[in-house]
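Each remark here refers to the structure printed beneath this line.
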Amino acid sequence: MLARALSLANEYALVIGRDDEVGFIGRTVEMPLVMGDGRTLDACAKAVLEATIAAIATLIELGEIPPAPASEGKRDQQVNIRLSSSEKMLLEARAKQQGFRSLSDYVRSVAMDRAS
């Protein structure tokens with residue numbers, strides 16, 4: 001189980017930033033609530049990796065599926081929004097008009113265009 005967790009954790013994308021108190025604080029893109037810190041960049045990366053391995057192993061042990069590496073581009077996260085009936089109708093019409101398969105595809109496309 002730990003070998004599988006290590007293999008997956010090694011594919012995760014690290015995000016590390018400076019911290020005035022501890023030196024560096026880091027996490028992975030895939031598991032942003034699993035963090036580590038260290039006085040050096042290497043120590044922080046090692047702490048994040050160890051914490052991520054433990055979190056992945058726990059998920060596996062519980063029979064849950066850990067997040068896929070961000071580099072795979074899998075859409076495994078969900079965002080829910082509430083719309084009025086008229087808002088939904090308007091967006092569905094616009095999605096169909098622009099050739100999108102679904103309202104979700106349309107909303108994701110517009111949001112990503114705005115975010116980049």
Side-chain angles (χ1 to χ4, degrees):
M1 185 175 351
L2 284 177
R4 184 171 161 208
L6 172 63
S7 176
L8 188 55
N10 279 328
E11 294 184 43
Y12 282 6
L14 284 174
V15 177
I16 297 177
R18 289 192 179 276
D19 181 81
D20 292 337
E21 293 181 26
V22 290
F24 295 91
I25 294 178
R27 62 178 180 80
T28 65
V29 170
E30 298 81 358
M31 300 183 87
L33 299 179
V34 178
M35 298 183 245
D37 61 51
R39 289 206 166 287
T40 67
L41 193 60
D42 287 341
C44 181
K46 182 178 178 183
V48 172
L49 181 62
E50 289 172 357
T52 303
I53 291 167
I56 292 170
T58 300
L59 289 173
I60 293 170
E61 187 175 10
L62 294 172
E64 297 183 28
I65 300 171
S71 61
E72 290 182 6
K74 287 188 179 177
R75 293 186 177 132
D76 61 353
Q77 302 296 308
Q78 182 172 325
V79 174
N80 294 316
I81 60 171
R82 294 207 180 271
L83 302 170
S84 68
S85 296
S86 60
E87 289 171 329
K88 184 177 178 192
M89 284 177 39
L90 174 66
L91 290 174
E92 285 174 333
R94 185 63 52 97
K96 185 176 181 180
Q97 183 182 49
Q98 293 187 16
F100 286 90
R101 294 180 306 161
S102 68
L103 177 55
S104 293
D105 286 346
Y106 174 72
V107 170
R108 182 179 47 253
S109 176
V110 171
M112 294 306 293
D113 284 348
R114 295 276 174 105
S116 49

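This chain uses plain numbering: 1 for the first residue, then up along the sequence.
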Over all atoms of both residues, closest heavy-atom pair of [X] and [Y]:
X      : Y     : value
Arg4   : Ile60 : NH1-CG2, 3.7 Å
Val48  : Gly36 : CG2-N, 3.7 Å
Ala43  : Arg39 : CB-N, 4.3 Å
Gln78  : Asn80 : NE2-OD1, 2.8 Å
Ile16  : Cys44 : CG2-SG, 3.9 Å
Tyr106 : Ala95 : CB-CB, 3.4 Å

* Does Ile65 CD1 have over 12 foreign heavy atoms under 6.0 Å away? ->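 For Ile65, atom CD1 is not crowded (no more than 12 foreign heavy atoms under 6.0 Å).
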Using the rule that two of Ile, Leu, Val, Met, Phe, Trp, Tyr join whenever any of their side-chain heavy atoms come within less than 4.5 Å, decide whether [X] and [Y] are in one cluster.
X      : Y      : result
Leu59  : Tyr12  : yes
Met1   : Leu8   : yes
Ile25  : Val34  : no
Met112 : Phe100 : no
Val110 : Leu90  : no

State the [atom1]-[atom2] distance between [X] and [Y], to the nearest 0.5 angstrom.
X      : Y      : atom1 : atom2 : value
Ile56  : Leu6   : CD1   : CG    : 9.0 Å
Ser116 : Arg114 : OG    : CZ    : 11.0 Å
Glu30  : Thr52  : CD    : OG1   : 8.5 Å
Leu83  : Leu91  : CG    : CG    : 6.0 Å
Lys46  : Leu41  : NZ    : CG    : 14.0 Å
Glu61  : Leu2   : CD    : CG    : 9.5 Å

* Report yes or no: do Ser102 and Ser104 form a side-chain donor-acceptor pair below 3.5 Å? =>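 Side-chain D/A pair, Ser102 to Ser104: absent.
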* To do: Taking salt bridge (charged side-chain N to carboxylate O under 4.0 Å, His left out) as the test, write out the residues that go with Asp105, two or more places apart.
  =>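 Only Arg101, Arg108 meet the salt bridge (charged side-chain N to carboxylate O under 4.0 Å, His left out) criterion with Asp105.
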* State which residue, out of Arg82, Lys88, Glu87, fulfils the side chain to side chain contact (heavy atoms under 4.5 Å, CB included) condition with Ser84. =>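 Passing option: Glu87.
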* **Short side-chain to backbone donor-acceptor contact, Thr58 and Ala54, under 3.5 Å** =>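 Yes, Thr58 side chain to Ala54 backbone: donor-acceptor pair under 3.5 Å.
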